[in-house]
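Working notes, beginning with the structure itself.
Chain letters run A, B, ... following the sequence lines, proteins first and then strands; every chain starts at 1.
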Amino acid sequence: MTAPVSTVRGTTGKIAGVRVRFCPSPTGNPHVGLIRTCLFNWAFARHHGGTFVFRIEDTDAARDSQESYEQLLDSLRWLGMDWDEGPGIGGPHAPYRQSERRHIYRDVVQRLVAGGHLYESYSTPDEVEARHKAAGRDPKLGYDNHDRDLSPEQREAFRAQGRDPVLRLRMPDTDLSWDDVVRGPVTFAAGSVPDFVVVRGNGEPLYTLVNPVDDALMEITHVLRGEDLLPSTPRQIALYLALIDIGVAKAVPEFGHLPYVMGEGNKKLSKRDPHASLLMYRQSGYLPEGLLNYLALLGWSIAEDRDIFSVAEMVEAFDGRRVSVNPARFDPKKCEVINATHLRALPVDDFAHRLLAFLDAGSVDLGLSGWLGDERRALVMAAAPLVQERVQTLSEAELMIGFLLVHDDSFELNEKDAAKHLGADAAPVLAAAIAALELLGEWTVPAIEEALRIALIDGLGLKPRVAFGPLRVAATGAAVSPPLFESLQLLGSHRALTRLRAAFGRADSVG
RNA sequence: GCCCUCAUCGUCUAGUGGCCCAGGACGCCGCCCUUUCACGGCGGUAGCGCGGGUUCGAAUCCCGCUGGGGGUACCA
């Protein structure tokens, strides 16, 4: 067993001095699996009153991008996952972008070499394989530690051939074990992990080096990361041991491997899966708290009979002990429902303002977004309560109240609904409704409802659904809408009657 | 091949030897409410991969098998 860092839980169950980190590579756009990992780290830090470090692993210039970097920061801010050290705010271990830390790695590498932990290796994969074959071993065994004890003369000879050596870490000849925070004890037998490359032939340090070095320097106490990194843990521990030896690290951190987030089939959720894109959720009008709630459910549970909770409640409960070992499938449907639950739980006023902000941001283009006059803002505020229980996301809300916001000359009927509800049969219904509404003294919901019931239900003897269907399509453009009388009221008598007359004209001409 | 890891309803999960002929949630199916669509209410559907042990007793512990996933890179 490696020497564990102090993880004494006090009487409150809290661990003192927790320092965790989130260290993504800025490649592509942020996906939900990545954010889930971030959330668990963040919640763990907040729960224990520790420090959340945000570090950018941008050592791969070919794949990293500034755009991706900014999306990452923007996403975390949107979700409310604040960091105590990292980009934008600095900290005692700055800089927090690996691209700015190269001199640090250079120094550590030199000390590691001086300490005998790293050695130059010249073997090519072909040579390794040839040696395995010659010895009657499985050729796919991997590097055979052949160059461990090359003499200065041998190294000189390779150099003379123009070969640039990689640097490998000399693995200890003992079993490598750790007590995984989520999985319990894990052991890799001595000799099962070959000496691995930490610095390329061209002098570039690899992830295998920089990640543990930064964790050590930043005094990270708990590494919570994806299950895919579990097999690299013995190597990290070995490197840590070397870092402790040269005085760079104080202790080996605790490791915890979080289950995968799966997509369709038995595959890890792919970055290319449309459901994986965090940006997509934001643009679709998901709430941060809804998304966070669902993401938390991917590999964690707060209690037996409960799956709706706030971020604060999660932080209160997230001590790292209820994390599941099983991979979790991302279920877009459930994600949507969880979001809808949070949406409905919002105070109406809050909901209305978020909807307004969403419309102002112009996430969905209805030909009216990005700009809202005072009159329209008032309509949104008034319509918000009508749609809050009918939608799952803000973009659905936008679609549902679009009929109110759209300019009258670009108002259009849903053709399918119009064909169904505005046929010849609808003409007398519309005519009666128009006649009744034209006489209306005050344009209020009760007055509108009463007038229409008298004219259509009592007067024409129609069933409500038959009577109101055509009006709904005529006024809102679709068979699915907010409640009819309220919709008519919000539209105002002029706009409402104009639409009803237009629909009448259409229905009448069909007959 | 070798190493690591996982295995409860379709899906996410609760469950750490008796409270479980397995609980919750999503989905799905009925019914109620109803001016559309929703919300809400009520009810239902469906699961411990297989085989051996251990034990008075196993979803829970052990072994094997099967199946899935990951690693075995001068990717992260």
key: Sugar-phosphate or base contact per nucleotide [nucleotides 59-76 of chain B; S, B, -; heavy atom under 4.0 Å]   = ---------SSSS-SBSB

inquiry  = Can you tell me how far apart CD (A/Gln98) and CG (A/Asp64) are? Round to the nearest 0.5 Å.
reply    = 9.5 Å

ask   = Should B/rU72 form a Watson-Crick or G-U wobble pair with both distances under 3.5 Å, which nucleotide is its partner?
value = B/rG1

request  = Please confirm whether A/Arg55 makes a cation-pi placement over A/Tyr96, using NZ or CZ under 6.0 Å from the six-membered ring centre and within 45° of the ring normal.
outcome  = no

query = Do we get A/Arg235 above A/Tyr240's six-membered ring, with its NZ or CZ under 6.0 Å from the centre and within 45° of the axis?
reply = no

key: Opposite nucleotide pairing with B/rU60, Watson-Crick or G-U, both atom distances under 3.5 Å   = none

query = Does a side chain donor of either A/Thr233 or A/Arg225 reach within less than 3.5 Å of an acceptor in the other side chain?
reply = yes

inquiry  = Tell me which nucleotide, if any, is Watson-Crick or G-U wobble paired with B/rU11 when both distances must be under 3.5 Å.
reply    = B/rA25

query = Does a side-chain N or O from A/Asn326 land closer than 4.0 Å to OP1 or OP2 of B/rA7, or not?
reply = yes

remark   = Reading nucleotides 35-43 of chain B from 5' to 3' and marking B where a protein heavy atom lies under 4.0 Å of the base, S where only the sugar-phosphate is that close, and - otherwise, the string is BBBSSS---

key: Minimum-distance nucleotide to A/Asp331 side chain [options: B/rC6, B/rU13, B/rU11]   = B/rU11

ask   = Are the side chain of A/Asp195 and the backbone N or O of A/Tyr143 linked by a donor-acceptor pair below 3.5 Å?
value = no

remark   = B/rU54 -> Watson-Crick or G-U wobble partner, both distances under 3.5 Å, gives none

query = Base, sugar-phosphate alone, or nothing: which one does A/Asp305 contact when heavy atoms must sit under 4.0 Å apart?
reply = sugar-phosphate

Cation-aromatic face contact A/Arg354/A/Phe358, 6.0 Å, 45 degrees = no

query = Yes or no on side-chain hydrogen bond (donor to acceptor under 3.5 Å, both in side chains) for A/Asp307 and A/Tyr294, after CA distance, side-chain angles and deciding distance?
reply = CA-CA 8 Å; A/Asp307 59 8; A/Tyr294 181 65; over 6 Å; no

Anti versus syn assignment for B/rC20, with syn defined as within 90° of 0 = anti

request  = Applying side chain to side chain contact (heavy atoms under 4.5 Å, CB included) between A/Leu471 and each of A/Leu500, A/Thr476, A/Leu437, report the one that passes.
outcome  = A/Leu500

key: Sequence neighbours excluded - ring pair (Phe, Tyr, Trp, His ring centres under 6.0 Å) pairs with any residue from residues 446-473 of chain A   = A/Phe468-A/Phe485

request  = Sort out the partner of B/rC42 for me: Watson-Crick or G-U wobble, both distances under 3.5 Å, none otherwise.
outcome  = B/rG30

